[in-house]
Amino acid sequence: MTNQNDSFIREVNEELRSDQMRAVWTQYGLIVVAIAVAIVIGTAGYRGYVYWSGKQASASGDKFLTAMKLASDNKTDEALAAFAQLEKDGYGSYPVLARMRAASLKAATDPKAAVVELDAVANDKTVPDAVRDVARLRAGWLLIDTAPYADVSKEVEVLTDAQNPMRHSAREALGLSAYKNGDFKQAKDWFQLIANDQQTPVNVANRARIMLDLLTANTKG
């Protein structure tokens with residue numbers, strides 16, 4: 001009798017569960033199907049986007065390498081045209097890389113035009129901060145030989161904070177600019193700051209010490 005009761009109870013439970021599942025499916029079946037379809041479409045869409053994105057990036061990368069090859073072959077005008085086109089229709093980070101490389105090419109013959117290009121990158125808030133900082137630093141270095149200290153300071157002094165990874169090069173640019181503009185005290189302050197920073201790269205620290213010796217000799221003279 002006990003076995004029969006147990007079997008009956010199991011059958012009743014299974015029937016109840018079956019009825020409950022039918023009720024749940026009746027109420028929520030369409031929603032479940034819709035969610036499943038959305039997941040499938042979403043997955044397919046994401047994979048499609050990844051494929052498309054990779055293809056676009058690959059094409060832009062090939063164009064960038066072609067422009068770089070033109071530049072290395074001293075075909076400057078053709079390289080600049082290729083970089084300009086990549087800036088217009090390139091994908092991902094390649095347009096801004098094209099702008100930076102074009103500015104570097106122009107720096108050889110027209111530093112002022114290069115600085116204008118670099119300033120445009122530095123002030124473009126759609127560009128990643130790290131790239132904007134590189135543009136500022138490059139512009140500052142281009143100005144050392146031709147511009148007043150104030151112009152160099154305007155470009156790079158924002159990068160001299162103790163936490164900025166570009167501070168060493170920024171400080172060196174300011175020290176050299178101050179020296180070339182005859183402000184030996186300002187130059188000494190910047191080179192001393194470089195020398196005192198334990199994280200300054202060895203080559204930069206060595207150049208700073210050489211400049212400090214030179215400034216000390218000039219001061220004594």
Side-chain angles (χ1 to χ4, degrees), residues 64 67-68 71 76 79-80 82-84 86-88 90 92-215 218-219:
F64 185 77
M68 292 285 287
T76 304
L80 287 173
F83 283 130
L86 190 56
E87 182 183 343
K88 291 179 182 178
S93 60
Y94 285 104
V96 70
L97 290 176
R99 293 169 70 183
M100 295 287 285
R101 289 303 303 163
S104 293
L105 276 180
K106 291 178 182 179
T109 56
D110 192 350
K112 289 183 179 180
V115 169
V116 170
E117 296 278 354
L118 291 165
D119 280 344
V121 174
N123 293 320
D124 187 344
K125 294 183 179 180
T126 66
V127 174
D129 289 343
V131 178
R132 295 171 66 191
D133 285 350
V134 170
R136 291 187 184 95
L137 186 62
R138 178 65 173 143
W141 275 87
L142 286 175
L143 290 170
I144 289 174
D145 289 328
T146 59
Y149 174 83
D151 289 356
V152 178
S153 177
K154 182 180 177 181
E155 297 286 353
V156 304
E157 190 153 358
V158 68
L159 306 177
T160 60
D161 180 83
Q163 304 304 316
N164 195 304
M166 298 183 192
R167 65 187 182 278
H168 315 293
S169 294
R171 292 168 179 173
E172 187 174 22
L174 289 165
L176 289 172
S177 178
Y179 178 77
K180 287 180 175 291
N181 282 280
D183 189 344
F184 294 163
K185 181 182 181 307
Q186 182 72 76
K188 188 173 183 179
D189 287 344
W190 283 117
F191 288 121
Q192 193 64 61
L193 190 60
I194 294 170
N196 292 343
D197 189 334
Q198 298 299 312
Q199 295 182 334
T200 299
V202 174
N203 59 329
V204 180
N206 288 339
R207 290 198 298 267
R209 293 187 184 98
I210 292 171
M211 289 303 300
L212 286 170
D213 291 342
L214 181 60
L215 285 162
N218 285 341
T219 301

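For this chain, numbers begin at 1 and follow the sequence in order.
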Go through Asp161 and Arg167 one step at a time and tell me if the side-chain contact (heavy atoms from CB on, under 4.5 Å) criterion holds. CA-CA 6 Å; Asp161 180 83; Arg167 65 187 182 278; over 6 Å; no
Would you please test Lys154 and Asp151 for salt bridge (Lys or Arg N to Asp or Glu O under 4.0 Å) and show each step? CA-CA 5 Å; Lys154 182 180 177 181; Asp151 289 356; over 6 Å; no
Salt bridge (charged side-chain N to carboxylate O under 4.0 Å, His left out) involving Lys125 - partner list, sequence neighbours excluded: none
Under a 4.0 Å N-O cut-off, is there an ion pair linking Asp189 with Lys185? yes
With rounding to the nearest 0.5 Å, note down the distance linking CG in Leu215 to CD1 in Ile210. 12.0 Å
Begin from the C-alpha positions of Arg99 and Val127 and carry the test side-chain contact (heavy atoms from CB on, under 4.5 Å) through to its verdict. CA-CA 11 Å; Arg99 293 169 70 183; Val127 174; 4.1 Å; yes
Let me see the working for Trp141 and Glu172 under side-chain contact (heavy atoms from CB on, under 4.5 Å), right down to the final yes or no. CA-CA 9 Å; Trp141 275 87; Glu172 187 174 22; 3.9 Å; yes
Could you tell me which non-hydrogen atom of Leu159 sits nearest to which non-hydrogen atom of Asn164, and how far apart they are? O-CB, 3.3 Å
So CZ of Phe191 and CG of Asp213: to nearest 0.5 Å the spacing works out to 11.5 Å
Salt-bridged, Asp129 to Arg132, with N to O below 4.0 Å? yes
Spacing of CZ belonging to Arg171 relative to CG belonging to Leu193, to within rounding of 0.5 Å: 4.0 Å
Tell me the closest heavy-atom pair linking Phe83 and Ala67, and the distance in Å. CE2-CB, 3.4 Å
Dump the intermediate steps for side-chain contact (heavy atoms from CB on, under 4.5 Å) on Asp119 and Glu155, then the final yes or no. CA-CA 8 Å; Asp119 280 344; Glu155 297 286 353; 2.7 Å; yes
Rounded to the nearest 0.5 angstrom, the CD1-CG distance for Ile194 and Asn206 is 11.5 Å
When every non-hydrogen atom of Ala122 is compared with those of Ala135, the smallest separation belongs to N-CB, 4.0 Å
Can you tell me how far CG of Leu80 sits from CZ of Arg101, rounded to the nearest 0.5 angstrom? 10.5 Å
Quick one: closest heavy-atom pair of Thr160 and Ala170, and the distance? CG2-CB, 3.8 Å
Could you pull out the closest heavy-atom pair between Ala187 and Gly175, with the gap in Å? CB-O, 3.4 Å
Distance (rounded to the nearest 0.5 Å) between Tyr179 OH and Met211 CE: 5.0 Å
Which atom of Ala208 lies closest to which atom of Ala195, heavy atoms considered: CB-N, 4.4 Å
Main chain of Asp183, side chain of Asn181: is a donor-acceptor contact present, judged purely on distance under 3.5 Å? no
Looking only at atom types and distance, does a side-chain atom of Thr200 sit under 3.5 Å from a main-chain N or O of Asn196, one as donor and one as acceptor? no
For residues 109-118, tabulate all N or O donor-acceptor pairs below 3.5 Å that involve a side-chain atom, not counting sequence neighbours.
| from | atom 1 | to | atom 2 | distance (Å) |
| --- | --- | --- | --- | --- |
| Asp110 | OD1 | Ala113 | N | 3.3 |
| Glu117 | OE2 | Lys106 | NZ | 2.7 |

